[in-house]
Number of protein chains: 2
Amino acid sequence: MLDAVDDLTPEKPADARRAADLIVAELAAMIGSGALADGSYLPAERELMAQFGISRTVAREAVAQLAGRGLVEARPRFRPVVRRPGYDTALSALGGVVTHLMRESGSVKHLYDIRVFLEAALVRHAALHARKDDIAALRRALEANEVAIGDSTQFYLTDMAFHAVLYDLPRNPVMPAIHRAFTSWLSPHWQRMPRAPERNRINFLSHREIYTAIVERDPDMAERALNGHLAAAWEYVRGTFEAD
Amino acid sequence: MLDAVDDLTPEKPADARRAADLIVAELAAMIGSGALADGSYLPAERELMAQFGISRTVAREAVAQLAGRGLVEARPRFRPVVRRPGYDTALSALGGVVTHLMRESGSVKHLYDIRVFLEAALVRHAALHARKDDIAALRRALEANEVAIGDSTQFYLTDMAFHAVLYDLPRNPVMPAIHRAFTSWLSPHWQRMPRAPERNRINFLSHREIYTAIVERDPDMAERALNGHLAAAWEYVRGTFEAD
DNA sequence: TCATCAAGTATGGTCAGACCAAATATGTTT
DNA sequence: AAACATATTTGGTCTGACCATACTTGATGA
C-alpha cells in the first residue's frame, strides 16, 4: 500500500496494444449497441478467428477478457453467452478480490463498518421518506422474521429480507445490488456464527425497534436502534474469526 | 436484466474444473500467504509450465486470470508483478463494467445519487464526530479551494480534495477508495462540464456552508447544505449527457 | 406419431513447438 | 565508469493437432 496508485481506469500506457484488446473493444461495443443481444451466443472461437483474421489464441484471450468483465458468461465447456451487465454483475466482479482482501486482519471489520454506516443512513432515510407501502413491506418482513424465531435457518433468511427492504426503499437499483454484495461477502463469516432461538429473539426485537422508529418518523431513534443492533451482532460474531 | 441472478460468488457448478483454475488458486494462495511477496515478479510462464507440469496455454490463462483479479499487474510486454490487493485495486475491478453500465440511460444518475446519499451520511458523521485535526484539515482544504477559484483546473482538484477529507474522516480505509472510484467513474462526465470562475465561487460557497455546519456541529444543516450543493451540481451537468 | 437412443458434428480445453519483438542481462569498448 | 553492442530472457502470436463434452441429427422402436 506504499505507492498503490492504481488509477481506476487502466489506460495509462498510451499504446499497450495487445491484439485481443481490439477484439474485446469491438465485441464490447457490439454488446453495448445490442448487435450482440443479451442471452445470445457469442460467435464461436473459430468464427472469431475468421471474422477478425486472428489466431485462436487471441480469440480465446478476448473471450476470457470479456468473461472477466462480466460481459459474457463462459461456463467451462459451453458456448459463451452474452450478458448485458447489470449492477449485480458489476459488484460480482469484486467478489474475487474481496475474498482475498478479507484474509487481511481487520478488513472484515472495515467492510462491516461500511455496511453499518450505509444502513444507518438507510434507516434514517426510511424514517423520513418511507411511504405507506414501504412501511407495509417492512411490517410484512418483520412478521415473517418473528414467526421464524424458532427456525434459525429461516430466521437468517428473513433477517436478510428485512434489511433488504431498507435497501429497496430509496428505489435506486444500485442499493439492492450493494446489499447482495455485502451479504454474499460477509455471509461466510455469519454462517459460522452459532445460532439459537434466544439470540434470534433479541435480533427480532432489534428489528422491531427499528421498524417502530421508522413508523414514528424518528430518524435519530432509528439510527440509534440500528447501530445498537449491528454493534451487538458484531460482538457476537467477532470471535469466529478473531482467532485467525 | 430479466433473470439476472448472478450470485456474487461464482462457485455454482460443483465441478467447473479448468486446469488454469487450480494454478490460479495455488498462486493466489501463495500471494495471500506472502510466499510471493508484493512487488516481486511472478514466475515466468515457462517456469510455471515446469513448476506445475502444464502447457504454456494454461500458464498464460492463469496469469491472465490473476491479472483480471488484480492480484498481479501484467503490463503488455513486461513480467507480471505481484500486487497484494488493496481496497483500491478491488474497486478498480469494477471499472470496466461500470463504464459499460453508464451507457445505459439513467445509470449515471443512479450512481450519482448513491454518491450523494453516502456523502450526506458522511457530512452528518463529520458534524457529529469530527475532531480538531479533522476540522483543521477541512479548513485547509477549504482555503485551498478558495484561492483556486480563478483557476478552474486547480479548482476541480481542490474541490475533489475537499470532498476527500470527508471520506477520510471515518478513518475507514474503504471510504477513500470508494471516493476515488466514484470520482474516476464520474469524472469523464464532469470533464465535459463547462467551468467558469463564477460557478466555482458558487461551489466554494457551498463548501464553506458545509464546513460551517460541521464546525457548528449541526448535522442536519450539514446534510442540507451538501444535498443542495450536489443537487445544484447535478443540474449543471445533466445537460452534458442527457442528449445521449 | 413420437419418444428414445445412437452416431456424428461443433465447440471449448489442452498440448506441442515455433517465431517475433521487445525487455533485460551480459560483456565489450571507449 | 559510462556507453554501446550483443546475447538471452520473456511475453505475444501463430499453426496445427487431439481430446472430451455439448449439441444435432437421424435412425430406431414402442
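Throughout, a chain's letter reflects where its sequence line sits, starting with A, and its residues are numbered from 1. All of these numbers come straight from a predicted model, not from anything done at the bench.
In this entry the distance linking CG of B:Leu42 with P of D:dG11 reads 9 Å, nearest Å. Atom CZ in B:Arg18 sits about 14 Å away from atom C1' in D:dT21, given to the nearest Å. Computed from coordinates, the B:Arg75 CZ to D:dG11 C1' distance equals 12 Å when rounded to whole Å. In this entry the distance linking CD of A:Glu45 with C1' of D:dA22 reads 14 Å, nearest Å. Note: CZ (A:Arg60) to P (D:dG12) measures 16 Å, nearest angstrom. Rounded to a whole Å, the CZ atom of A:Arg46 is 13 Å from the C1' atom of D:dA22. Put simply, CD on B:Glu61 is 8 Å from C1' on C:dG13, counting in whole angstrom units. Atom P of nucleotide C:dG12 and atom CZ of A:Arg77 are separated by 11 Å, given to the nearest angstrom.
The ring of A:Tyr112 has its center closer than 6.0 angstrom to the ring center of A:Trp234.
Using a distance-only test at 3.5 Å, with no hydrogens or angles considered, no donor-acceptor pair links the side chain of A:Arg199 to the main chain of A:Pro197. At least one donor-acceptor pair closer than 3.5 Å links the side chain of B:Arg79 to the backbone N or O of B:Leu42.
A perpendicular orientation is assigned to the rings of B:His163 and B:His207, their planes being inclined by more than 60° (bins at 30° and 60°). Classified by interplanar angle (parallel below 30°, tilted 30° to 60°, perpendicular above 60°), the ring pair B:Tyr87/A:His110 is perpendicular.
Within the cation-pi definition used here (under 6.0 Å to the ring centroid, within 45° of the axis), B:Arg195 does not qualify as a partner of B:Phe155.
Contact check of residues 49-59 of chain A against DNA chain D (heavy atom, cut-off under 4.0 Å) returns A:Ser55, A:Arg56, A:Thr57, A:Val58.
Both A:Phe78 and A:Ala19 lie near DNA chain D, and the one whose nearest nucleotide falls closer to the 5' end is A:Ala19.
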